[in-house]
Amino acid sequence: MKFKYVIVGSGLAGLTMAERIANVQGEKVLVIERRGHIGGNVYDSYNNEGILIHNYGPHIFHTNDREVYQYLSGFTKWNDFWHRVLTYVDGNLVPMPITVETINKLYNLNLDCSQVEGFLKQESVHIDELKTSRDVALSKVGQDIYEKIFETYTRKQWGVDPKELDTSVISRIPIRLNRDTRYFADKYQGMPSFGYTKMCENMVKNKNIKIMLNTDYKEIIDHIEYEKMFYTGPTDEFFDYKHGKLSYRSIRFQFDTMDKEEFQEAPVVNYPNDYDYTRITEFKKLTWQDHKKTTICKEFPSSEGEPYYPFPTKDCKAQFALYEEDMKREEKVIFLGRLAEYRYYNMDAVVRRALDIFNSIS
Ligand code: FAD
Ligand code: UDP
């Protein structure tokens with residue numbers, strides 16, 4: 001078999017690349033995917049009860065990148081969905097991320113925005129140089145809120161203390177000195193009106209794109225002639241773990257369908273301190289589907305299983321740097337995506353990477 005381009009992995013990185021190559025260059029491209037479906041971790045599907053679920057955990061599209069938003073809008077309409085999260089602390093549900101409402105509810109106060117600024121200033125711990133996720137949280141909200149909201153959640157999610165994780169992890173969560181209780185403040189936010197899988201299917205509607213499912217690329221790659229490969233799988237696996245296994249964090253998703261219309265007050269409720277799971281998602285509240293029953297998903301973080309999250313510590317980055325040297329030497333292969341680049345990318349960042357790489361080779 002002969003293709004100019006081979007793409008390993010049909011997540012958003014791989015599909016964006018395939019779409020651009022086929023539609024803009026008019027070239028033939030083969031996508032090889034180990035799973036039985038396209039979409040990677042954004043894959044969604046209807047369960048036995050007919051409820052649309054996100055098979056790999058809740059995915060909410062949000063970006064400030066107009067070009068990425070416009071690009072994906074070519075393949076889907078959007079529900080103008082604004083994500084909201086509540087977190088269960090001391091027996092109460094309070095808005096996440098931390099806003100004026102959160103502080104007032106946590107401490108039974110009635111402060112205005114500037115008073116909350118003063119409150120947090122008083123609570124915050126002065127740290128000269130922020131080196132870890134613990135430093136970030138303490139310097140923004142102080143010890144008590146750190147313990148209530150961040151410390152145990154982060155331990156559950158990553159299996160280590162926040163002081164082991166670099167600043168990027170807890171920095172993902174903003175602290176807002178206003179009453180904006182949306183989880184994301186990005187300019188463009190939404191949920192694909194007919195789901196992520198439909199959006200992905202629309203991306204690859206081109207006869208120049210051939211997709212091979214249920215196939216590990218290593219099983220067949222020796223039988224394919226190609227000029228360039230785009231690899232979006234785990235990098236350590238590509239190099240047969242020559243510098244050791246990279247650490248990834250996994251999650252066990254536990255789905256449950258209930259014979260009632262509604263389960264919880266928000267699309268996602270976080271449980272920082274109680275139970276072994278980190279959060280519960282109620283899918284109908286993300287997708288706006290009308291249904292008599294409802295499906296929820298509990299997330300149990302784990303060090304075993306599918307790699308979902310690259311591990312953001314100094315040691316892991318140093319280990320990945322060894323692989324990066326090898327990546328540079330692979331002339332026929334371009335590495336991109338959350339697994340291959342070992343980066344905690346969101347969906348928009350992965351699409352941005354693929355668009356930039358496509359532009360650089362065109
Ligand atoms: P992936 O989606 O991981 O795709 C890689 C593909 O390569 C997979 O399908 C895999 O099967 C395939 N593959 C790997 N090895 C091989 C091989 N040897 N042969 C063949 N195929 C192979 N982002 C957001 O913007 N908003 C969110 O709300 C959000 N929530 C998330 C929640 C969870 C629980 C997780 C895990 C991630 C979330 N993300 C979110 C991030 C988002 O999922 C990623 O940014 C995006 O899906 C990454 O796309 P990708 O193509 O790089 O990788
Ligand atoms: N986090 C936390 N408490 C929360 C929510 C998040 O401590 O209630 C921390 C935790 O370390 C998590 C990180 O902030 O891994 C990023 O959270 P985000 O919601 O962005 O995680 P994701 O959706 O990527 O799993």
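Each ligand, and each atom within it, is numbered from 1 in the order the structure gives.
Residue-ligand proximity: T63 is placed with every non-hydrogen atom at 4.0 Å or more from ligand 1.
Each salt bridge (Lys or Arg N to Asp or Glu O under 4.0 Å) pair with one or both residues in residues 233-257, not counting sequence neighbours, appears once here: R34-E237, K218-D240, K242-D326.
For ligand 2, the protein residues within 4.0 angstrom (heavy atoms only) are M96, I149, F150, Y153, T154, Q157, W158, V169, R172, I173, Y183, N270, R279, Y309, Y344.
Of the listed residues (I60, D348, T16), the one carrying the non-hydrogen atom nearest atom 28 (O) of ligand 1 is I60. Which of M191, M347, K218 comes nearest to atom 23 (N) of ligand 1 through a heavy atom is settled by distance: it is M347. Of the candidates R338, H83, R353, the one placing a heavy atom closest to atom 41 (C) of ligand 1 is R338. The nearest non-hydrogen atom to atom 30 (N) of ligand 1, considering only P58, A13, P307, G11, comes from P58. Taking all heavy atoms of V268, V31, N41 into account, the minimum distance to atom 1 (P) of ligand 1 is reached by N41.
Nearest to atom 36 (C) of ligand 1 among the protein's heavy atoms is Y308 CB, 3.6 Å. Nearest protein neighbour of atom 22 (C) of ligand 1, counting heavy atoms only, is R34 CB, 3.8 Å.
Within a 4.0 Å radius of atom 53 (O) of ligand 1, the protein has no heavy atom.
Within the 4.0 Å heavy-atom criterion, the part of V350 lying near ligand 1 is the side chain and not the backbone.
Taking the six-membered ring where tryptophan is involved, the planes of Y323 and H243 are perpendicular, since the angle between them exceeds 60° and thus also 30°. Taking the six-membered ring where tryptophan is involved, the planes of F283 and H54 are tilted, since the angle between them lies from 30° to 60°.
Residues satisfying the side chain to side chain contact (heavy atoms under 4.5 Å, CB included) test with Q115, not counting sequence neighbours, are L111, D112.
On a distance-only criterion, D216 and ligand 1 share at least one N/O pair closer than 3.5 Å.
Atoms of ligand 1 found under 4.0 Å from any heavy atom of Y309 (numbered from 1 in listed order, with element): 33 (C), 34 (C).
Checked for salt-bridge contact, K317 and D166 meet the test: a charged N lies under 4.0 Å from a carboxylate O. Between E341 and R338 there is no salt bridge, since none of the side-chain N atoms of the basic residue sits less than 4.0 Å from a carboxylate O of the acidic one. In summary, E261 and K292 do not engage in a salt bridge, as defined by a charged side-chain N under 4.0 Å from a carboxylate O. Taking a cutoff of 4.0 Å between a charged side-chain nitrogen and a carboxylate oxygen, R352 and D348 do not qualify as a salt bridge.
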Exercise answer: donor-acceptor pairs, residues 136-143 side-chain atoms, under 3.5 Å, sequence neighbours excluded:
from	atom 1	to	atom 2	distance (Å)
S139	OG	D135	O	3.1
S139	OG	V136	O	2.9
Q143	NE2	E147	OE2	2.6

